[in-house]
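In what follows, chains are A, B, ... by sequence order, proteins preceding strands, each numbered from 1. Keep in mind that what you see is a predicted model, and the values were worked out from it rather than measured.
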Amino acid sequence: MVEDISDGSSGAFVVDIDGYEGPLDVLLVLAREQKVDLKEISIVQLAEQYLAFVAEVGRTNLELAAEYLVMAAWLAYLKSRLLLPEPAGAEEPSGEAMAAALTFQLQRLEAMRDVGARLMARNRLGQDFFARGRPELLSGNRVTVLRVDLFELLKAYGGHLRRREDVQPLRIPTSELSSVEEALERLRRGLGGFPGWESLWRYLPPGTFEGLNQGRLAARSAFAATFAASLELVKQGRVKLRQGKAYGPIYLKAAGPESDPQ
Amino acid sequence: MTDIDRRHLRMLEAVLFASADPLSERELAQRLPEDAAIPVLLAALKADYADRGVNLVRAGKTWVFRTSPDLAALLSRDKLTERKLSRAALETLAITAYHQPVTRAEIEEIRGVQLSKGTLDVLFDQGWIRPKGRRQTPGRPVTWGTTDTFLDHFGLESLAELPGVDELKMAGLLDARPAIQIYGVTDVPEAEEDEDADEDDADAPSELGQP
Amino acid sequence: MTDIDRRHLRMLEAVLFASADPLSERELAQRLPEDAAIPVLLAALKADYADRGVNLVRAGKTWVFRTSPDLAALLSRDKLTERKLSRAALETLAITAYHQPVTRAEIEEIRGVQLSKGTLDVLFDQGWIRPKGRRQTPGRPVTWGTTDTFLDHFGLESLAELPGVDELKMAGLLDARPAIQIYGVTDVPEAEEDEDADEDDADAPSELGQP
């Protein structure tokens, strides 16, 4: 919501990301903070405001939809284009053209918002003016009219297609989630390679760390599956696990006879 | 008519027009300003409408606008009884529109259920579908398609204006499967095959969404 | 008023008064004798009711009697409870009204965010928007526009009465193309001639005046 952004001198934002309708909406709210006509807006300043906004949301560990990040990247690029001299003979639109396009987009969106509000403020049927409360059917020969409109027709077709889809053989789509079985397999294969205590991290599939940082579901499932698999191997007496303190790193070692003094 | 408050007259007119039920003088008095002289206003309004196509009439203690009785006969060559289309008929119509030219057997095949006798008749009587030709297959079954009356009724300029399957989906008219996507599905079930090979197909829009 | 057929006028009045929903001139013609001069009659009837508590209003190609808007307070008890439109739906409605015919992708371009599934559905269900044709671009996407029901609801005679439509057009803000296309290629802000070749969109924004 608009009111939820305050550009206090402390630099503290209060951000309600759910209140926004996408990155352009955020930009429009930020642009209003410059308190000038949209046509006069400083795009460099706006880019900075937006990047600060995204950083703030990132700092408070809120997840931002990809479109917000794409806009951030584009704005960072645009800012650099505007601040640096234009390369000669560039094929791309100039920094100014890109800035003008953004200004146009903001104006256009704001215009649509305004007219939307003006529409709703009009006298409206059922609110300000009214239909005949007692419509009459004029009598005469009896003709049956089938009552159906385009919406109902399309809805019927949609419903039919859906039901058809429902009776199709069940297809189980491949999932990118990790299974414990896969993790077990990976641990078993890996165990030979590291005779001593080794961090459990090393047994995670490639890319898991990056994925975790981005909060990706697949990475989180890989992490969980690996941990569960390690417990399973302990139960089978195949490995030993060690953890120095709560939330500390977990180490793992094969429990083979040659590495185990007992 | 000089001492009639025009403002009150307009109010009375609007209230009577918008009301779903005939209104008594007491109810009218409750809705209009206190100083409105209801009986005088009613008499004036009744006189205003005396020669019009709509009259203000008194029914017992209540007042109501009604079509002038002498017009009822003139106007209405048809008494419209509106009827809802059955779901079977609605689906049959939609399938005919999207898959035309299409035979009865094909409609049954697509719907996965037999067509009861009257279904095509209802649509035919309404002028929405008509025979289009014959399929060049054993038995040479009749194919069906939609008519201009159909387009007209649904406010379509041409069949090409019917949204395709993808667009129905996007408009929310056709829900996709439950959201398994959340769980990181990589394999999107693809569209089913469709092999309509009709010779008499000339006027069927080829790019209509084929389910 | 001399050449107005009083009998026809009364009939027209009765037909319109009897209906709660707008009727098209064609529907009116079907109800009246063949020699009835519908447009002339409509103009006369509209004038008759101009100062009354009930007015004859035009919405696109349709006509209907409605209570006069200045009597809103009086009729407040008849108010219909309505579902509030979401912000996304309201913006989508405004964009459809001002940019029509417009594709889903263009609406998304203007809002800078994807349209969630039900948004167009809500407006379509409400009878305010409908598919208008197809854009002659790859994929031939369906275009959307507003209906006469929309005009009726918002008390508009035609699209030309949309609030602010002329200023927006002058300001070049009724261009649904991606912004960078408008500025990127030529770098001249005034290069706004829209020569989208929309074959079945003869009723594009240029025609906003005569729906």
Chemist: Apply side-chain contact (heavy atoms from CB on, under 4.5 Å) to residues C/Asn55 and A/Phe129 and explain how you reach the verdict.
Modeler: CA-CA 10 Å; C/Asn55 309 135; A/Phe129 58 87; over 6 Å; no
Chemist: Under a 4.5 Å heavy-atom cut-off, does chain C meet the side chain of A/Glu67, its backbone, both or neither?
Modeler: side chain
Chemist: Would the number of heavy atoms belonging to other residues, nucleotides or ligands and lying under 6.0 Å from CD of C/Gln114 be above 12?
Modeler: no
Chemist: Might you point out which heavy atoms bring A/Glu21 and C/Ala88 nearest each other, and give the distance in Å?
Modeler: OE1-CB, 3.6 Å
Chemist: Please classify the contact of A/Asp114 with chain C as side chain, backbone, both or neither, using a heavy-atom distance under 4.5 Å.
Modeler: neither
Chemist: When you compare the side chain of C/Asp125 with that of A/Lys155, does any pair of heavy atoms fall below 4.5 Å?
Modeler: no
Chemist: With chain A as the partner, which of C/Asp152, C/Val57, C/Leu74, C/Leu93 has the greatest number of non-hydrogen pairs under 4.5 Å?
Modeler: C/Asp152
Chemist: Only counting residues at least two apart or in another chain, list the ones meeting ring-ring contact (aromatic ring centres under 6.0 Å, His included) with C/Phe154.
Modeler: C/Trp128, C/Phe150
Chemist: So, does A/Arg108 use its side chain to make a donor-acceptor pair with the main chain of C/Asp175 at under 3.5 Å?
Modeler: yes
Chemist: From C/Asp70 CG over to A/Asp128 CG, what is the distance, rounded to the nearest 0.5 angstrom?
Modeler: 11.0 Å
Chemist: Any idea which heavy atoms bring C/Leu90 and A/Gly116 closest together, and the distance?
Modeler: CD1-O, 3.8 Å
Chemist: Is chain A contacted by the side chain of C/Leu168, its backbone, both, or neither, given a heavy-atom distance below 4.5 Å?
Modeler: side chain
Chemist: Is it true that, when you exclude C/Asp35 itself, more than 12 heavy atoms of the residues, nucleotides or ligands shown sit nearer than 6.0 Å to its CG?
Modeler: yes
Chemist: What's the spacing between C/Ile95 CD1 and A/Arg113 CZ if we round to 0.5 Å?
Modeler: 9.0 Å
Chemist: Mind listing the closest non-hydrogen atom pair of C/Ala94 and A/Val115 along with its distance?
Modeler: CB-CG2, 4.1 Å
Chemist: CD1/C/Ile107 to CE/A/Met112 distance, rounded to the nearest 0.5 angstrom?
Modeler: 11.5 Å
Chemist: Only pairs of heavy atoms separated by less than 4.5 Å count here; which of A/Leu28, A/Thr103, A/Leu27, A/Leu109 has the most with chain C?
Modeler: A/Leu109
Chemist: Would you mind reporting whether A/Leu119 and C/Leu162 have side-chain heavy atoms less than 4.5 Å apart?
Modeler: yes
Chemist: Would you check if C/Phe124 and A/Leu150 make a side-chain contact, meaning some heavy-atom pair closer than 4.5 Å?
Modeler: yes
Chemist: Taking A/Gly133, A/Gly22, A/Gly126 one by one, which has the highest count of heavy-atom pairs under 4.5 Å against chain C?
Modeler: A/Gly126
Chemist: Measure across C/Ala20 and A/Ala131 and return the closest heavy-atom pair with its distance rounded to 0.1 Å.
Modeler: O-CB, 3.8 Å
Chemist: Between A/Leu125 and C/Glu82, is any pair of side-chain heavy atoms under 4.5 Å apart?
Modeler: no
Chemist: Report the residues that fulfil side-chain contact (heavy atoms from CB on, under 4.5 Å) with C/Thr62, sequence neighbours left out, ordered by chain and then residue number.
Modeler: C/Pro22, C/Ser24, C/Ala59, C/Asp148
Chemist: Determine the minimum heavy-atom distance between C/Gly112 and A/Pro23, stating which atoms define it.
Modeler: O-CD, 3.8 Å
Chemist: Do the side chain of A/Gln127 and the main chain of C/Leu80 share a donor and acceptor less than 3.5 angstrom apart?
Modeler: yes
Chemist: Non-hydrogen atoms of chain C under 4.5 Å away: do they reach the side chain of A/Arg122, the backbone, both or neither?
Modeler: side chain
Chemist: Rounded to the nearest 0.5 Å, what's the gap from CG on A/Asp25 to CD on C/Glu91? Could you check?
Modeler: 7.0 Å
